[in-house]
Amino acid sequence: MKRCLNLVFMKKDIISILRITLTSLGISPDQHIEIEIPREQTFGDISTPVAMGMAKGLKKPPKNIAEEIVASIKDKTIFETIAVAGPGFINFTFTKEYLYASLQRICEQGKAVLRENIGNGMRVLVEYVSANPTGPLHIGHARGAAVGNALCNLLEESGFRVEREYYINDAGRQITLLGASVHARYQQLLGITAEFPDEGYRGQYIDDEAAALLRQAQEKYKNLPFHECEHEITEWSYKRMLDLIKEDISTFDIQNFSSWISEKKLYENRAVSQAIQTLKHNGYIYEKDGAVWFRSSEFEDDKDRVVIKSDGEYTYFASDIAYHKAKLDRKFDIIIDIWGADHHGYIPRINSVMKAFGYDISHFRIILVQMVSLLKHGIPFQMSKRAGTFITLSEVVNLVGADNAKFIFLTRKSDSHLEFDIDVISSQSADNPVYYVQYAHARINSIFEHAHKKGIRVHDTSEHDLSLLSAKEELDLIKKLLVYPLILEGAARAFEPHRITFYLQELARMFHSYYHKYKVITDQKELSAARLALCYATKIILIDALSILGVTAPDKM
RNA sequence: GCGCCUGUAGCUCAGUGGAUUAGAGCAUCGGCCUCCGGAGCCGAGGGUCGGAGGUUCGAAUCCUCUCAGGCGCGCCA
């Protein structure tokens, strides 16, 4: 095809054309140009509201501006039509030649052409999961893990430098309770009537730990009151819990964390006392009723919060202040906390902490992951960690599979409630959208095998005549592929990986439908080769998107 | 009582920086296997977008009120 400008890939091409046009109209080339995917096909393949954004500044009706822009576009080689619509949108459709050229680019360059570098090397810290090391991860943590992992992958692929962090609450009462629970069960195993702590952990795993302790330590702690062996048993138990958590994470098959931050270390390094000193220095700390308070009501909170209790002990909040200060000190460009929604009441005080340290809060984002309501046989199943009635992450993986669970978790936006029915999801049926998507990939693979047997080569698109792809379904499929980078970009900017999941289902649907209507491999070699190229590009994007979600793309199913 | 989240088709959920007839999957009903994988495809029915006001040329989308569900409101972690 004739090229009047240096074609790159869809969005960049359009922006560059629009920029040239705006400059020719004497409008600053800095003008932000937004490109969007129209809701309806009749609005074109792609559209821009840029004229509407400029209306105020230029004091002209957006529709007129849009018309001026359209009239001034010199390079129309890639557009079949350009139209002004509605209040001032400019809608474009692409020429077939442009679609073929883009398809070829995907086949030849793959990933390289699908990425928008929006991060530009900025450093992002994402903290997620951070479950207390007092038991195995459960299904709620699994959702946080899936979302956090996918978000990190997405940001990495969008040009950010990402640190994945897990904050370990290894100090304080919960950990002591873990130790006390194990201690009590251990004594009971030795036939001693030991009182079980009121708020202790009652799960089966505690019994297992006690048995393990007995095997390892024999009768070393027999009849010893807890306070005499508290440190040893607690330390031993919590370390094993942490190992268990790490094992769960690896079972779930997500990226490992790049850093594990220990709450206890924050105390040992005096980071907690220093952080409070800093706040005191800034005038946000005062004493009242024998306790030490943080003046969070100066900022976003409705009341001040205690950091040191009247008995001299730090509160949990104190170490969280130190932890967030440590995050700030490490100089990230963006800091993201992913929390279970049950902690949402905590947001104002942490925001207040960030502000008190002088941080621009617009670079800090707390993402809430809503509760998972678990159903078994269609009946709600109440989980309680203390009572020991909960479904663990590893059970979920055994029952439904890691890919399946991750995909389900990512088919909802993170702050909407999620119903997770073990029976429905473990059935290998169309209830599980992940199979639908993976099936498209496996199917393409099997087409390739078939082609291979027939001696048709798949990848060398440059040799083929892609213009043989003239069916509407083929052109639509190419357009769907073209739009993928925009989906990624939108998902990354909004921190919403679930958008990729929806795109994938749509793409898979288009592919399955196409597959049924047209035969890829026929007696016409050239046509077959062109269709194989289309399959190949589809496969590239399926794999790419699935891998960002942390889901595998099996060749066979 | 206060705060946050949610309320869209029978069910589970997208869509919420305002563009015309509101989308998908499941379920229901009806079709498609001499043919590259039927975990698939094609088609049909099904919604006053919880309710009421308001802003607007135009609202599922923005504002106010209201109802329902969930979760939080400790010198617990």
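Within every chain, numbering begins at 1; the chains are lettered A, B, ... in the order of the sequence lines, protein sequences first and strands thereafter. These numbers come from a predicted model, not from an experiment. Just so it is clear, the values below take in all heavy atoms, side chains as well, and ignore hydrogens, waters and symmetry mates.
Taking atom C1' on both C76(B) and A14(B), the two are 39 Å apart, rounded to the nearest angstrom. Nucleotides G3(B) and C63(B) are separated by 15 Å at their P atoms, to the nearest Å. Here the separation of U6(B) from G10(B), taken at their P atoms, is 22 Å to the nearest Å. A distance of about 32 Å separates the C1' atoms of U28(B) and C36(B), rounded to the whole Å. Comparing U55(B) with G70(B), their P atoms are spaced 35 Å from each other, to the whole Å. A distance of about 26 Å separates the P atoms of A22(B) and A27(B), rounded to the whole Å. For the P atoms, the distance linking A9(B) with G40(B) amounts to 24 Å, nearest Å. Nucleotides C71(B) and U61(B) have their P atoms positioned 27 Å apart, rounded to a whole Å.
Taking atom NE2 of His512(A) as the reference point, atom P of A24(B) lies 17 Å away to the nearest angstrom. The distance between atom NZ of Lys519(A) and atom C1' of G37(B), rounded to the nearest whole Å, is 12 Å. One atom, CG of Asn445(A), and another, C1' of G37(B), lie 11 Å apart when rounded to the nearest Å. Note: OH (Tyr439(A)) to C1' (A39(B)) measures 6 Å, nearest angstrom. For Arg531(A) and C35(B), the CZ to C1' distance is 14 Å, given to the nearest whole Å. If you measure from atom CG of Leu178(A) to atom C1' of A77(B), you get 13 Å, rounded to the nearest angstrom. The OH-P distance, from Tyr238(A) to A77(B), rounds to 18 Å in whole Å. Between Asn169(A) atom CG and C76(B) atom C1' the separation is 12 Å, expressed in whole Å.
At the heavy-atom level, Phe317(A) lies nowhere under 4.0 Å from the strands shown. Within 4.0 Å (heavy atoms only), Thr501(A) reaches no atom of the nucleic acid at all. Within 4.0 Å of Ala171(A), counting heavy atoms only, lie sugar-phosphate atoms of the nucleic acid but no base atom. At the heavy-atom level, Glu34(A) lies under 4.0 Å from base atoms of the strands shown. When heavy atoms are screened at a 4.0 angstrom cut-off, Tyr518(A) is found touching base atoms of the nucleic acid. Thr411(A) comes within 4.0 angstrom of sugar-phosphate atoms only, judged by non-hydrogen atoms across all strands, and of no base. Ala451(A) comes within contact range of no nucleotide atom at all, as no heavy-atom separation falls under 4.0 Å. Backbone-only contact: Leu418(A) has heavy atoms under 4.0 Å from sugar-phosphate atoms and none from a base. In this structure, Lys454(A) reaches neither bases nor backbone, as no heavy-atom distance under 4.0 Å exists between it and the strands shown. In this structure, Ser446(A) reaches the bases: a heavy-atom distance under 4.0 Å links it to at least one base atom across the strands shown. If you check every strand for non-hydrogen atoms under 4.0 Å, His450(A) touches sugar and phosphate atoms only.
Salt-bridge annotation for Asp170(A) and Lys239(A): absent, with no side-chain N of the basic residue lying under 4.0 Å from a carboxylate O of the acidic one. At a threshold of 4.0 Å, the pair Lys264(A)-Glu235(A) counts as salt-bridged, since one of the basic side-chain nitrogens sits closer than that to a carboxylate oxygen. Salt-bridge check for Lys480(A) with Asp476(A): failed, with every basic side-chain N at 4.0 Å or more from each acidic carboxylate O.
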What N/O pairs connect the protein and nucleotides 66-74 of chain B at under 3.5 Å? Give each pair on its own line.
unit_1 : atom_1 : unit_2    : atom_2 : d
C71(B) : O2     : His344(A) : NE2    : 3.4

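Taking 90° from 0 as the syn/anti boundary, the base of C26(B) is oriented anti.
For C41(B), its base never sits under 3.5 Å from the side chain of Ser513(A) at any donor and acceptor pair.
Minimum atom distance to the side chain of Ala85(A) is reached by A19(B), of the listed C13(B), A19(B), G37(B). In this structure, of A14(B), C76(B), C75(B), it is C76(B) that holds the atom nearest to the side chain of Arg173(A).
Here Arg509(A) reaches the OP1 or OP2 of G25(B): one of its side-chain N or O atoms lies under 4.0 Å away. OP1 and OP2 of U12(B) both lie 4.0 Å or more from every side-chain N or O belonging to Lys413(A). Of the side-chain N and O atoms in Tyr435(A), none sit less than 4.0 angstrom from OP1 or OP2 of C26(B).
Ring stacking holds between Phe89(A) and A19(B), with the centres under 5.5 Å apart and the planes within 30 degrees of each other.
Taking the six-membered ring where tryptophan is involved, the planes of Tyr286(A) and Trp293(A) are essentially parallel, since the angle between them stays under 30° and well short of 60°. A tilted orientation is assigned to the rings of Tyr267(A) and Tyr314(A), their planes being inclined by 30° to 60°.
Looking at Ser319(A) and Glu263(A), their side chains do bring a donor and an acceptor atom within 3.5 Å of each other. Defined by atom type and a distance below 3.5 Å, a donor-acceptor pair is missing between the side-chain atoms of Asn169(A) and Gln174(A).
Figure legend: cation-pi geometry between Arg443(A) and Tyr515(A), with NZ or CZ positioned under 6.0 Å from the six-membered ring centre and within 45° of its axis.
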Item to check | Dot-bracket encoding of pairs in RNA chain B, which uses [ ] for pseudoknotted crossings and | for another strand, Watson-Crick or G-U under 3.5 angstrom | outcome: (((((((..((((.........)))).(((((.......))))).....(((((.......))))))))))))....

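In this structure, Thr315(A) contributes its side chain and Val306(A) its backbone to a donor-acceptor pair below 3.5 Å. Put simply, the side chain of Glu474(A) gets close to the backbone of Ser470(A): a donor and an acceptor are under 3.5 Å apart.
Checking each of Phe317(A), Tyr167(A), Tyr166(A) against Tyr323(A) for a ring pair (Phe, Tyr, Trp, His ring centres under 6.0 Å) leaves exactly one that passes, namely Tyr167(A).
Each of Pro38(A) and Tyr436(A) lies near RNA chain B, and the nucleotide nearest Pro38(A) is the one positioned closer to the 5' end. Each of Thr315(A) and Tyr514(A) has a nearest nucleotide on RNA chain B; the 5'-most of these lies closest to Tyr514(A).
In this structure, Asp311(A) places its CG atom where more than 12 heavy-atom neighbours from other residues, nucleotides or ligands lie under 6.0 Å away.
For the pair Arg365(A) and Asp337(A), the minimum side-chain heavy-atom distance is 4.5 Å or more.
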